[in-house]
Number of protein chains: 2
Amino acid sequence: MSLLKSKILVVASDLFQTRGINSTGVDTIVAVAGTTKMTLYKYFRTKEELILEVLKQGHQDFQSWLNDQLNSNTKKPSEKLQKLFDFIEEWVTSPNFRGMGFIKASAEFPNEENPVHQLSSEQSRQFRQYISGLASEANIQDADGLALQLSLLFEGAVQAEQMKRGSGAMKYAKKAAKILIDGALAS
Amino acid sequence: MSLLKSKILVVASDLFQTRGINSTGVDTIVAVAGTTKMTLYKYFRTKEELILEVLKQGHQDFQSWLNDQLNSNTKKPSEKLQKLFDFIEEWVTSPNFRGMGFIKASAEFPNEENPVHQLSSEQSRQFRQYISGLASEANIQDADGLALQLSLLFEGAVQAEQMKRGSGAMKYAKKAAKILIDGALAS
DNA sequence: AAATCTATATACAGACCTGTATATATATAC
DNA sequence: GTATATATATACAGGTCTGTATATAGATTT
């Protein structure tokens with residue numbers, strides 16, 4: 001990928017998260033990225049396409065990072081599930097944390113017909129499925145059910161942290177997750 | 001309150017939820033409400049003031065409804081806590097459900113200095129405090145901790161339902177809530 | 001050296017946005 | 001019947017937005 005294109009993606013991602021998607025104009029994006037609108041519209045046909053690529057990139061980066069962390073730190077499936085929230089807490093409390101892309105995007109584009117909303121919804125589903133995979137490997141009966149519950153805790157905590165930095169919500173989400181996981185492992 | 005003013009509030013609330021706040025112009029609001037901009041700006045000095053009043057109204061309506069439901073159906077504090085998610089599920093799965101105002105608003109106005117964001121954050125805190133009150137009455141040790149966990153489940157499930165209607169997320173949130181509540185009551 | 005590719009600079013069309021100004025209608029109160 | 005309060009109708013100023021058109025600069029290739 002072109003250097004300029006990835007620069008635009010990084011800058012747009014940051015601005016979307018800190019100022020909101022609809023409140024961020026392409027003029028602002030190119031100004032911060034140090035380029036011009038002509039270049040932006042060379043790489044992205046429309047602003048919507050830029051939004052979609054920003055979301056894809058963010059989701060892919062997050063999933064890769066999380067997957068790497070889990071695989072390089074533990075091998076036992078049940079441990080992966082337990083460690084999941086440790087890494088998520090690390091991510092959420094890091095100074096670079098700007099929120100979860102698909103959560104904000106779905107709020108700004110509430111219409112279910114909208115492509116941005118649809119992608120957000122799909123990414124949320126994929127994340128849930130990833131957790132469900134971990135639960136399955138750990139031989140949990142209702143893997144989908146536990147995955148949904150854990151993702152609710154996750155999304156709720158991210159939401160809380162987006163609302164108020166340093167809320168400490170993830171600490172309690174972790175405790176709740178442990179109770180739910182232990183319960184599911186026992187049965 | 002004037003009939004027109006409350007009509008504007010109702011219409012604005014619906015449009016904000018279904019199309020997004022920033023994507024909804026005052027022209028659209030007055031057209032749907034069957035009035036004119038002059039009248040809107042008589043009752044609300046700016047659009048931001050309208051947004052704030054819509055949020056306040058929505059939060060008050062929800063809290064009143066929830067409180068009435070709880071008080072008219074059960075008296076025992078521990079039961080109230082258990083029934084909480086039953087009523088919330090009823091609310092979320094009702095056809096009129098349009099999402100939780102403060103969740104969407106905080107996403108559209110991510111800047112913590114913004115008055116709309118601040119009000120959203122405050123409403124989220126108030127709701128958590130309300131649950132904490134129920135937990136305290138039920139003699140739960142770490143009432144604030146449990147309240148935070150339950151609110152994470154709540155906000156996560158609302159988020160999930162906003163993303164995809166009929167997700168069934170609240171059903172699993174309820175199960176998780178029961179486990180957490182029972183655990184807290186036992187200790 | 002000429003051609004081509006990439007990026008810049010700048011201006012602008014057309015749409016939409018908030019908020020206001022002006023003029024008019026309608027209904028109630030005195 | 002006149003005054004007052006409330007709502008309508010309409011137009012517009014000034015700003016921002018997306019997306020495009022036009023002209024130019026620098027760099028690489030042939």
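The sequence lines fix the lettering, A, B, ..., with proteins before strands; numbering per chain opens at 1.
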- Give the intermediate values and the outcome of side chain to side chain contact (heavy atoms under 4.5 Å, CB included) for residues B/Leu148 and B/Ser151. CA-CA 5 Å; B/Leu148 178 51; B/Ser151 76; 3.9 Å; yes
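Across A/Ile21, A/Leu55, A/Asn22, a single residue satisfies side chain to side chain contact (heavy atoms under 4.5 Å, CB included) together with A/Phe16, and that is A/Ile21.
One can place CG of A/Leu40 at 14 Å from C1' of D/dC17, the figure rounded to the nearest angstrom. Distance, B/Ile51 CD1 to C/dT18 C1': 11 Å, rounded to whole Å. When rounded to the nearest whole Å, the span between CD of B/Glu49 and C1' of C/dG19 equals 13 Å. Rounded to whole Å, the distance from CD on A/Glu48 to C1' on D/dC17 is 15 Å.
Against DNA chain D, the stretch residues 2-35 of chain B makes heavy-atom approaches under 4.0 Å through B/Leu4, B/Gly34, B/Thr35.
A 4.5 Å side-chain heavy-atom check between B/Leu84 and B/Leu66 finds at least one atom pair inside the cut-off. Annotation: side chain of A/Asn139 is not in contact with side chain of A/Leu185 (no heavy-atom distance under 4.5 Å). Contact annotation: the side chain of B/Gln159 approaches that of A/Ser106 to within less than 4.5 Å [non-hydrogen atoms, C-beta and beyond].
A centroid separation of less than 6.0 Å is found between the aromatic rings of B/Phe154 and B/Phe127.
A salt bridge links B/Glu122 with B/Arg125: the closest approach of a Lys/Arg side-chain nitrogen to an acidic carboxylate oxygen falls below 4.0 angstrom.
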Listed pairs, N/O of protein and of nucleotides 21-25 of chain D, under 3.5 Å:
none

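Note on B/Lys42: only backbone sugar-phosphate atoms sit closer than 4.0 angstrom, heavy atoms only; bases stay farther off. Contacts of A/Tyr43 with the nucleic acid, taken as non-hydrogen atoms under 4.0 Å apart, involve only primed sugar atoms and P, OP1 or OP2.
Within the structure, ring pair (Phe, Tyr, Trp, His ring centres under 6.0 Å) contacts touching residues 163-187 of chain A (residues at least two apart or in different chains) do not occur.
Nucleotide C/dC30: paired with D/dG1 (Watson-Crick or G-U wobble, both distances less than 3.5 Å).
OP1 or OP2 of D/dT8 has at least one side-chain nitrogen or oxygen of B/Thr39 nearer than 4.0 Å.
Note: B/Phe62 and B/Trp91 have tilted aromatic rings, judged against thresholds of 30 and 60 degrees for the angle between ring planes.
A donor-acceptor contact under 3.5 angstrom links the side-chain atoms of A/Lys37 to the base of D/dG19.
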